[in-house]
Amino acid sequence: MTDFLADLNEPQQKAVKAVDGAVLVIAGAGSGKTRVLTYRIAHLLNLGIDPFNILALTFTNKAAKEMKDRIAQLVGGSKAKSLWMGTFHSVFAKILRFEAEKIEYPSNFTIYDADDSKRLLKNIIKEQNLDDKIYNAGAVLSRISNAKNNLISAPEYNEDFEIQTYDAQSRKPKLGMIYSIYQQRLKKAAAMDFDDLLFNTNILLRDHADVLYKYQNKFKYILVDEYQDTNFSQYLIVKKLAANNENICVVGDDAQSIYAFRGANIQNILNFKSDYPEHKIFKLEQNYRSTKNIVNAANSVIANNKDQIKKVVWTDNESGEKIQLFKASSESEEAALIGSRIFELKKNNEFSDKDFAILYRTNYQSRALEEALRKLNIPYKIYGGVSFYQRKEIKDLLAYFRLVLNPSDETSFLRIINFPARGIGNTTLDRLVVAANENNSSIWEVAQKPAAFNVQLNSGIINRLNEFVLMIKSFKARANNHNAFEFGKMVAYQSGIIKFYNEDESPESVTRRENIEELISALKDFSEAPGDVEGENALRTIDVFLEEISLLTDSEPEKTDRDDVNRVSLMTMHAAKGLEFPVVFLAGMEENLFPSHMSLQSRTELEEERRLFYVALTRGMKKVFLSYAETRFRFGEFNFCEHSRFIDEIDEQFINVISGNINKPKDNSWLKESFSESRKQFKPINKISSAPSATQEDSDAGFVLLTAAQLRIDMVVQHQRFGIGKIKTIEGAGENAKASVVFNNFGQKQLLLKYAKLKILS
DNA sequence: AAAGCGGTACTTTTT
DNA sequence: GTACCGCTTT
């Protein structure tokens with residue numbers, strides 16, 4: 001075998017060779033972090049350590065897959081395959097299935113994604129007759145998620161004085177009750193949400209010393225990537241598993257911590273030193289990825305953060321070009337500018353499509369960019385957003401699979417009982433749900449013999465229910481003796497889904513049909529793929545397929561088309577973490593968009609945004625372009641934007657303004673041009689022209705987001721689009737605070753204070 | 001019970 | 001601007 005260690009610089013080598021004990025690797029952006037991790041694992045294997053004894057935890061599925069591939073190249077595929085490598089969620093889901101009975105779950109439990117969880121919460125909120133505006137399912141889920149990630153169970157949540165006081169003050173006193181019911185229902189449905197996978201792993205390791213001992217011995221060497229993004233729940237799992245051997249290596253960069261909003265805790269990195277007093281620290285500070293200009297620009301930005309571990313990221317690479325900034329009048333012009341720049345850079349064959357990435361803060365920004373790229377015939381691929389497996393038609397078909405494997409799964413049952421329509425409506429379902437809850441049984445049981453649960457239904461409905469039950473049972477009989485492809489195809493036809501989408505030729509139906517076809521072809525690929533470790537004749541069944549995709553929230557089914565490879569990448573800055581591209585465009589560098597308006601209230605949140613900017617900048621290898629638009633459609637409204645404060649934080653010697661001048665007084669002449677275009681999407685501008693208030697110079701000055709507390713009834717305020725008006729009522733608090741305003745020219749409007757910028761006039 | 005209409009809320013980031 | 005919800009009509 002070749003001495004691959006020679007590929008590494010000194011600190012990298014040291015980090016790889018320090019095999020025993022606790023090791024903390026602080027790895028600056030582009031410093032070869034993945035390389036250290038992969039080489040370290042390869043090194044362990046070369047020392048003769050059994051791959052089954054190595055646990056490597058990553059943050060995304062993509063990272064796990066890439067690392068596995070790279071290790072396979074170094075030490076061969078069979079060893080790489082036997083490694084325990086994956087995301088926290090996928091690794092511990094596997095372990096939980098194996099140990100399920102210890103925590104009183106069946107081993108075929110269903111994993112609910114955020115969408116499933118929200119559906120269940122919505123149902124609960126409705127059943128409890130709570131106002132779904134106060135108890136917004138998404139917000140409730142994030143509160144519950146937060147509790148779980150800090151290992152606060154539902155009973156503990158309800159007993160905690162501080163939490164209860166907080167909820168009461170934010171006018172959501174029933175959150176604890178919802179949390180309790182939610183957990184009961186998940187349990188009854190034999191389902192776990194994403195956070196339960198980690199929470200229940202903690203319970204398993206806490207309450208079963210023998211299990212803990214077993215895995216401590218199994219995982220003699222533990223590696224954790226992106227340690228700065230672990231939450232408390234993950235931290236504790238790792239700590240427990242490592243407690244016996246203390247062969248643990250964590251790799252991270254506090255400057256790239258961008259998931260605090262989801263419970264990640266930078267403290268975990270800082271705690272490492274006290275948790276393992278005998279630890280060794282290695283700092284990787286040489287950047288191999290980017291030009292001097294990019295590295296220095298990023299350093300000048302991150303220097304504005306107060307909370308950080310000191311390190312100096314530097315590079316030996318060429319100076320390169322300055323970062324280029326351009327200004328556009330609208331998001332479509334911004335997109336067109338980016339597109340034409342890509343076009344130019346491709347012309348002299350220095351770059352091809354795959355070398356470009358366009359990164360943005362929010363998913364909805366992708367639309368304008370897509371349009372521009374399509375117009376220029378530039379092939380692109382969007383990562384993230386509404387992923388393939390989140391699409392309605394796909395989730396519908398998957399719900400059939402899930403219900404067949406786990407008939408207790410309430411959310412899947414409700415999703416498909418009447419899709420395609422089979423004459424079982426809400427009245428019937430409400431009765432079934434009530435009976436199920438009263439008798440503490442699943443809807444599936446009630447549906448099989450409604451009379452036994454005192455549910456009165458007419459004979460027509462009973463027949464239709466019965467047909468549905470028989471259909472699912474007939475599917476069930478075929479789930480284990482057919483491969484996933486044969487099974488899935490059969491379900492797609494017999495459930496009526498294919499027929500449903502064949503019935504009309506609307507573009508929407510056609511797309512959905514194509515997606516179903518794509519899922520079936522993914523099933524085919526899956527069924528024909530060689531089985532894992534077992535015998536070659538082992539049938540690749542639907543349950544294995546479901547397990548494989550239930551934690552894939554980010555990807556499309558694998559495609560092998562050659563033209564799929566050379567494309568411009570579009571994704572959020574979050575999704576770009578860990579990736580690199582020769583040319584990077586950061587679009588939408590505007591206040592309130594980036595940094596997000598949600599993060600302007602606190603320093604810690606603003607610093608997280610700044611770290612995100614740091615991550616985004618350091619994705620670039622050769623060239624980085626920043627752009628912003630002076631106007632943007634948001635929430636169906638036309639908004640004026642200011643350039644992001646982050647632009648000003650880049651030391652000016654590293655940045656170059658291409659078009660326009662960000663400090664020059666606002667030039668609104670482009671507005672007039674837009675009027676004459678009279679394009680549909682610019683209609684709101686015409687409205688502005690008729691509103692006397694908005695045509696004045698600097699019309700975007702002074703409009704700010706206000707809270708309910710700052711407003712009074714009868715106050716006169718100005719809105720960018722609706723002009724001057726008087727406040728009539730103010731209701732709600734916090735997120736949902738609304739004001740009803742009577743405008744002189746537009747009548748009465750309900751404004752959500754979260755979004756509507758106002759200027760107080762008197 | 002299903003389909004079609006109109007009103008409302010919504011957009012931070014993801015396993 | 002869209003997705004979803006609830007209401008109305010058939």
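Letters go in sequence order (proteins before strands), and every chain restarts at 1.
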Q: Check each of A:R610, A:R611, A:R603 against A:E607 using the side-chain hydrogen bond (donor to acceptor under 3.5 Å, both in side chains) test, and report the only one that passes.
A: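 For A:E607, the side-chain hydrogen bond (donor to acceptor under 3.5 Å, both in side chains) check succeeds only for A:R603.
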
Q: Could you please name the option among B:dT11, B:dT15, C:dC5 that lies closest to any side-chain atom of A:H597?
A: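 When the side chain of A:H597 is considered, B:dT11 is the closest of B:dT11, B:dT15, C:dC5.
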
Q: Could you please name the option among B:dT13, B:dA1, B:dT14 that lies closest to any side-chain atom of A:R262?
A: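 The answer is B:dT14.
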
Q: What's the CG-P distance between A:L359 and B:dT14, to the nearest Å?
A: 12 Å

Q: Counting side-chain heavy atoms from CB outward, which of B:dT11, B:dA1, B:dC10 is closest to A:I461?
A: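 From the listed options, B:dA1 comes nearest.
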
Q: For A:D396, run the side-chain hydrogen bond (donor to acceptor under 3.5 Å, both in side chains) check against A:R415, A:R391, A:R512 and tell me which one passes.
A: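 Only match with A:D396 under side-chain hydrogen bond (donor to acceptor under 3.5 Å, both in side chains): A:R415.
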
Q: In whole angstroms, how far is the C1' atom of B:dT11 from the CZ atom of A:R632?
A: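 Going from CZ in A:R632 over to C1' in B:dT11 covers 12 Å.
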
Q: Taking any strand in view, what nucleotide pairs with B:dT13 in a Watson-Crick or G-U wobble way, both distances under 3.5 Å?
A: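 Looking at the geometry, B:dT13 pairs with no nucleotide.
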
Q: Does a nitrogen or oxygen in the side chain of A:N136 sit under 4.0 Å from OP1 or OP2 of B:dA9?
A: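 It does not, given that no N or O in the side chain of A:N136 lies less than 4.0 Å from OP1 or OP2 of B:dA9.
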
Q: The side chain of A:K133 lies closest to which of these nucleotides: B:dA2, B:dA9, B:dT14?
A: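 My answer, after comparing the listed nucleotides, is B:dA9.
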
Q: With heavy atoms under 4.0 Å as the rule, sort A:Y259 into base, sugar-phosphate or nothing.
A: sugar-phosphate

Q: Contact class for A:S599 vs. all strands (heavy atom < 4.0 Å): base, sugar-phosphate, or nothing?
A: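 No contact at all - A:S599 keeps every heavy atom at 4.0 Å or more from the nucleic acid.
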
Q: For B:dT13 and C:dC4, measure between their C1' atoms and round to the nearest Å.
A: 23 Å

Q: How many Å lie between CD on A:E605 and P on B:dT13, as a whole number?
A: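 Between P of B:dT13 and CD of A:E605: 15 Å.
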
Q: Take A:V224 and A:T58 through the side-chain contact (heavy atoms from CB on, under 4.5 Å) test and state the conclusion after the steps.
A: CA-CA 6 Å; A:V224 187; A:T58 62; over 6 Å; no

Q: For A:T428, which contact category applies under a 4.0 Å heavy-atom criterion: base, sugar-phosphate, or nothing?
A: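 Sugar-phosphate: the residue A:T428, judged by heavy atoms under 4.0 Å, touches backbone atoms but no base.
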
Q: By the 4.0 Å heavy-atom rule, please label A:D195 as base, sugar-phosphate, or nothing.
A: nothing

Q: With a 4.0 Å limit, can you tell me whether A:T572 has a side-chain N or O closer than that to the phosphate oxygens OP1/OP2 of B:dT14?
A: yes

Q: B:dT15 P sits how many Å from A:D116 CG, rounded?
A: 15 Å

Q: Closest to the A:A421 side chain: C:dC4, B:dA2, C:dG6?
A: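 For A:A421, the side-chain atoms sit closest to B:dA2.
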
Q: Using the side-chain heavy atoms of A:R367, tell me which of these nucleotides is nearest: C:dT2, B:dA2, B:dA9.
A: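 For A:R367, the side-chain atoms sit closest to C:dT2.
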
Q: Please pick, from B:dT13, C:dG6, B:dT15, the nucleotide with the shortest atom-to-atom distance to any side-chain atom of A:H89.
A: B:dT15

Q: Heavy atoms only, 4.0 Å cut-off, all strands: where does A:F88 land among base, sugar-phosphate and nothing?
A: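 Counting heavy atoms under 4.0 Å across all strands, no contact is made by A:F88.
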
Q: Any side-chain N or O of A:N426 under 4.0 Å from OP1/OP2 of C:dG6?
A: no

Q: Taking only the side-chain heavy atoms of A:A575 (C-beta and beyond), determine which of B:dT11, B:dT14, B:dT15 contains the nearest atom.
A: B:dT14

Q: Any cation-pi pair here, A:K392 with A:F419, using under 6.0 Å and within 45°?
A: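 Because its charged atom sits under 6.0 Å from the ring centre and within 45° of the axis, A:K392 does stack over A:F419.
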
Q: Which part of the nucleic acid, if any, lies within contact of A:K118, taking any heavy atom under 4.0 Å across all strands shown: a base, the sugar-phosphate backbone alone, or nothing?
A: nothing

Q: Counting side-chain heavy atoms from C-beta on, which of B:dT15, B:dT13, C:dG6 comes nearest to A:F261?
A: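 Within the option list, the nearest is B:dT13.
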
